Protein chains: 2
Amino acid sequence: MRVTTRGRYAVMAMFDLACRRSAEPVPLKQIAEHQGLSERYLEQLMAPLRRAGLVQSMRGAQGGYTLGRPAAAISVGDILRVVEGPISPVACVTDPLACARTDGCVTRGIWSRLRDRMVDLLDSITLADLCQEAASEALTRGVDGHARSLS
Amino acid sequence: MRVTTRGRYAVMAMFDLACRRSAEPVPLKQIAEHQGLSERYLEQLMAPLRRAGLVQSMRGAQGGYTLGRPAAAISVGDILRVVEGPISPVACVTDPLACARTDGCVTRGIWSRLRDRMVDLLDSITLADLCQEAASEALTRGVDGHARSLS
DNA sequence: CCTAATCCCTACTGAAACGCTCGGGTTTCC
DNA sequence: GGAAACCCGAGCGTTTCAGTAGGGATTAGG
């Protein structure tokens with residue numbers, strides 16, 4: 001029940017990209033360094049993101065990436081679906097052919113409900129939300145010294 | 001972001017066990033056949049379930065398994081945690097040591113919230129709920145002919 | 001006592017996925 | 001022309017997945 005590094009890194013990169021409100025394209029190298037990720041690996045994640053229209057790329061020197069849509073119009077769910085495939089705890093929820101006993105399988109209802117919850121949340125969080133969160137957190141951190149939330 | 005077969009099969013087996021309201025222990029062979037699972041594989045899943053007290057076992061001829069607690073006191077989350085480890089979309093949510101940048105990582109908040117949602121739901125569904133669901137579904141199916149819910 | 005049924009334990013294994021690295025190629029600005 | 005960047009596909013070591021296999025221990029019934 002884990003999100004892979006593909007999903008996590010992609011969200012981190014997109015978040016990084018969203019926070020810089022510059023029209024200038026940002027080179028991957030900067031993002032990778034800033035987020036502490038392998039540039040070469042991250043490169044592989046950008047390809048599907050570009051094909052899906054979540055980012056735009058400029059080639060050549062002074063090139064880089066920009067968001068393909070406003071940050072408020074890109075959700076975490078959007079990103080995850082692109083790099084990890086459908087958000088679903090089990091295959092049979094999205095693809096009924098994946099399991100012979102789809103019909104009348106009681107446990108299927110569990111995974112279906114779980115999927116709905118996950119999708120609801122992930123689609124409700126946009127990159128704009130994350131940027132705002134980061135900004136306000138940086139503020140309270142600066143004021144309080146080192147505020148932390150305990151779980 | 002998938003539940004493995006360990007989790008799915010364990011829930012299926014526990015559900016099967018919960019539906020038979022007999023005090024007699026149920027042999028694994030029956031459960032496996034009834035649910036269409038490999039007996040040998042299922043056997044491996046029962047070991048941790050037994051150690052966790054979710055089932056009790058009787059050895060020898062006429063032996064088998066019974067629930068270790070009332071069906072209403074066993075949640076899907078309980079079962080998953082036993083056979084799959086902590087319910088968490090990323091390691092750093094349960095184990096802060098798993099990631100260097102735990103503090104001040106914005107994306108971590110996403111996974112934390114996702115985790116909470118998942119846990120909430122999975123802990124709210126008990127085996128008793130599933131049995132009731134199965135019973136009422138079998139009823140409507142019998143009356144309506146072949147009722148299905150569309151997503 | 002013997003035997004069949006049943007749970008129990010450990011090891012192994014083929015296949016797939018994960019998490020990258022690597023070697024190139026192409027485009028574009030200066 | 002050269003450096004900076006994106007682009008593409010291959011390969012690779014490790015881990016996990018999803019079982020299979022081979023026994024051993026325990027118990028009811030005959």
Side-chain angles (χ1 to χ4, degrees), chain A residues 1-13 17 24-52 54-68 80 83-86 88-92 98-99, chain B residues 1-13 17 24-33 35-68 80 83-86 88-92 98-99:
Chain A
M1 195 102 72
R2 292 280 161 92
V3 178
T4 65
T5 55
R6 285 177 68 88
R8 297 209 306 274
Y9 292 179
V11 172
M12 290 168 78
L17 210 46
E24 300 300 302
V26 182
L28 198 58
K29 192 176 183 181
Q30 272 185 36
I31 300 175
E33 276 174 6
H34 195 228
Q35 297 289 328
L37 306 174
S38 153
E39 184 184 349
R40 235 50 201 299
Y41 187 39
L42 197 50
E43 206 171 29
Q44 293 184 1
L45 306 181
M46 298 312 280
L49 290 172
R50 177 178 50 79
R51 283 191 285 269
L54 296 190
V55 296
Q56 281 180 342
S57 63
M58 321 287 181
R59 305 182 65 169
Q62 265 67 37
Y65 294 92
T66 54
L67 290 185
L80 292 181
V83 297
E84 295 211 319
S88 170
V90 300
C92 71
C99 177
Chain B
M1 195 105 71
R2 293 281 161 93
V3 178
T4 66
T5 55
R6 285 177 68 88
R8 296 209 305 278
Y9 292 180
V11 172
M12 289 168 78
L17 210 47
E24 300 299 302
V26 182
L28 197 58
K29 192 177 183 181
Q30 272 185 35
I31 300 176
E33 276 174 7
Q35 298 288 328
L37 306 174
S38 152
E39 184 184 348
R40 232 55 202 294
Y41 187 37
L42 198 50
E43 205 171 30
Q44 292 185 3
L45 306 180
M46 298 311 282
L49 290 172
R50 177 177 50 79
R51 282 191 283 269
L54 296 190
V55 295
Q56 281 179 342
S57 62
M58 320 289 180
R59 305 181 66 169
Q62 264 66 37
Y65 293 93
T66 54
L67 290 185
L80 291 181
V83 297
E84 296 212 319
S88 171
V90 301
C92 70
C99 177

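What's counted below: heavy atoms across the whole structure, side chains too, no hydrogens, waters or symmetry copies. This is a predicted model, so every value here is computed, not measured. Note on naming: letters A, B, ... go to the chains in the order of the sequence lines (proteins, then strands), and numbering restarts at 1 for each one.
Between T5(A) and dG19(C) there is a side-chain polar atom (N or O) within less than 4.0 angstrom of OP1 or OP2. Taking 4.0 angstrom as the limit, R50(B) places a side-chain polar atom (N or O) nearer than this to OP1 or OP2 of dC8(C).
When distances run from any side-chain atom of P27(B) to the nucleotides dT6(C), dC20(C), dG23(C), the shortest one goes to dT6(C). If you check dT10(C), dC7(C), dC8(C) against the side chain of R40(B), the one that comes closest is dC8(C).
Heavy-atom nearest nucleotides on DNA chain C were determined for E43(A) and for E43(B), and the one closer to the 5' end corresponds to E43(B). Nearest-nucleotide positions on DNA chain C place E39(B) closer to the 5' end than the other of Q44(B) and E39(B).
Atom CG in L45(A) sits roughly 12 Å away from atom P in dC18(C) (whole-Å rounding). One atom, CD of E33(B), and another, C1' of dT6(C), lie 14 Å apart when rounded to the nearest Å. Taking atom CZ of residue R2(B) and atom C1' of nucleotide dC18(C), one finds them 15 Å apart after rounding to whole Å.
Note that CG of L54(A) and CE of M46(A) are 9.5 Å apart. Values are rounded to the nearest 0.5 Å.
For the pair Y65(B)/S57(B), a side-chain contact is recorded, criterion being any heavy-atom separation below 4.5 Å from C-beta on.
When DNA chain D is scanned in the 5' to 3' direction for atoms under 4.0 Å from non-hydrogen atoms of chain A, the outermost contacting nucleotides are dA4(D) to dA10(D).
Looking at residues 55-65 of chain B, you'll see S57(B), M58(B), R59(B), G60(B), A61(B), G63(B), G64(B), Y65(B) sit with a heavy atom under 4.0 Å from some atom of DNA chain C.
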